[in-house]
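We're numbering straight along the sequence, starting at 1. Scope of the values below: all heavy atoms of this structure, side chains included, with no hydrogens, waters or symmetry mates.
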Amino acid sequence: NKITDSTQDTVDSDKNIRVTDSSALSYGRNNGTLGTDSQAIGINARADTDFTTATGFGAARDNTGSNTTATGRNAAQNNTGSNTTATGRDAAQNNTGSNTTATGVDAAQNNTGSNTTATGESAARDNTGNNTTATGFRAARDNTGNNTTATGRDAAQNNTGNNTTATGVDAARNNTGNNTTATG
């Protein structure tokens with residue numbers, strides 16, 4: 001089955017629907033590599049590299065590209081790229097890139113990049129980067145970077161970095177860094 005869109009680009013209608021023009025779009029279960037101005041929508045969506053946007057159950061799960069935006073349960077779970085924005089239960093869970101923003105239960109859980117912002121129960125829990133801002137139940141709990149701001153019950157509890165501001169019940173309880181402000 002072949003159909004065309006308004007710009008007469010081919011759309012493959014088998015198990016996937018794929019629009020191929022300057023900004024690629026794929027819709028289906030097992031989306032392959034798209035690249036450049038990519039978007040992928042589907043259960044195993046992954047619009048590898050470049051300006052990736054993926055929505056679905058396994059959205060951009062093994063993505064290694066930059067400027068990734070992923071929405072879904074395992075959104076950008078093993079992402080290693082920079083400038084990642086992920087929303088979902090395991091959002092950017094093993095992300096190692098810089099400038100990560102993640103929202104979800106395990107948001108940026110094992111993130112090692114700098115300038116991380118995470119919101120969720122285990123937000124940036126094992127983060128070792130600098131300039132981390134985390135909000136959630138275990139926000140930045142094992143963060144070892146500098147300039148950390150954490151809000152939540154166990155906010156920055158085992159943080160070893162300097163210039164930490166933490167608010168929560170056990171905020172910065174085992175912190176060994178200098179210039180720490182803890183409220184809780």
Side-chain angles (χ1 to χ4, degrees), residues 45-184:
R46 57 177 192 268
D48 295 330
T49 64
D50 296 329
F51 309 107
T52 304
T53 302
T55 303
F57 180 79
R61 183 173 174 158
D62 297 315
N63 182 281
T64 58
S66 298
N67 303 314
T68 301
T69 301
T71 303
R73 186 183 185 281
N74 295 320
Q77 187 177 40
N78 297 314
N79 180 280
T80 59
S82 299
N83 305 311
T84 301
T85 302
T87 303
R89 188 185 190 287
D90 299 323
Q93 188 176 38
N94 296 313
N95 180 280
T96 59
S98 299
N99 305 312
T100 301
T101 302
T103 303
V105 174
D106 296 322
Q109 188 176 42
N110 297 313
N111 179 280
T112 58
S114 299
N115 305 311
T116 301
T117 302
T119 303
E121 183 185 277
S122 299
R125 190 168 103 183
D126 298 317
N127 179 281
T128 58
N130 298 323
N131 306 311
T132 301
T133 302
T135 302
F137 181 75
R138 303 218 183 257
R141 187 174 77 178
D142 297 317
N143 179 282
T144 58
N146 297 325
N147 306 312
T148 301
T149 302
T151 303
R153 185 182 180 278
D154 297 327
Q157 187 178 38
N158 298 311
N159 182 282
T160 58
N162 297 328
N163 305 312
T164 301
T165 302
T167 303
V169 174
D170 292 323
R173 187 172 73 186
N174 297 317
N175 185 285
T176 58
N178 298 322
N179 303 317
T180 300
T181 302
T183 305

[atom2] on [Y] to [atom1] on [X], rounded to 0.5 Å:
X: R141; Y: N158; atom1: CZ; atom2: CG; answer: 7.0 Å
X: D90; Y: N74; atom1: CG; atom2: CG; answer: 5.0 Å
X: Q109; Y: R138; atom1: CD; atom2: CZ; answer: 11.0 Å
X: N175; Y: T144; atom1: CG; atom2: OG1; answer: 11.0 Å

(request) Check each of T133, N83, N99 against N115 using the side chain to side chain contact (heavy atoms under 4.5 Å, CB included) test, and report the only one that passes. (result) N99
(request) Could you check T84, N111, T101 and say which one makes a side chain to side chain contact (heavy atoms under 4.5 Å, CB included) with T116? (result) N111
(request) Indicate whether the side chain of N162 and that of N179 have a donor and an acceptor atom separated by less than 3.5 Å. (result) no
(message) Would you say N127 and N143 are linked by a side-chain donor-acceptor pair, where the criterion is simply a distance under 3.5 Å?
(response) yes
State, to 0.1 Å, how close [X] and [Y] come at their nearest heavy-atom pair, and which atoms those are.
X: T103; Y: A91; result: O-CB, 3.6 Å
X: T180; Y: G161; result: OG1-O, 4.5 Å
X: A86; Y: A75; result: CB-O, 3.9 Å
X: A140; Y: A134; result: N-CB, 3.7 Å
X: A118; Y: A107; result: CB-O, 4.0 Å

(request) Return yes when atom CZ of F137 has more than 12 non-hydrogen atoms of other residues, nucleotides or ligands closer than 6.0 Å, and no otherwise. (result)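 Yes, enclosed.
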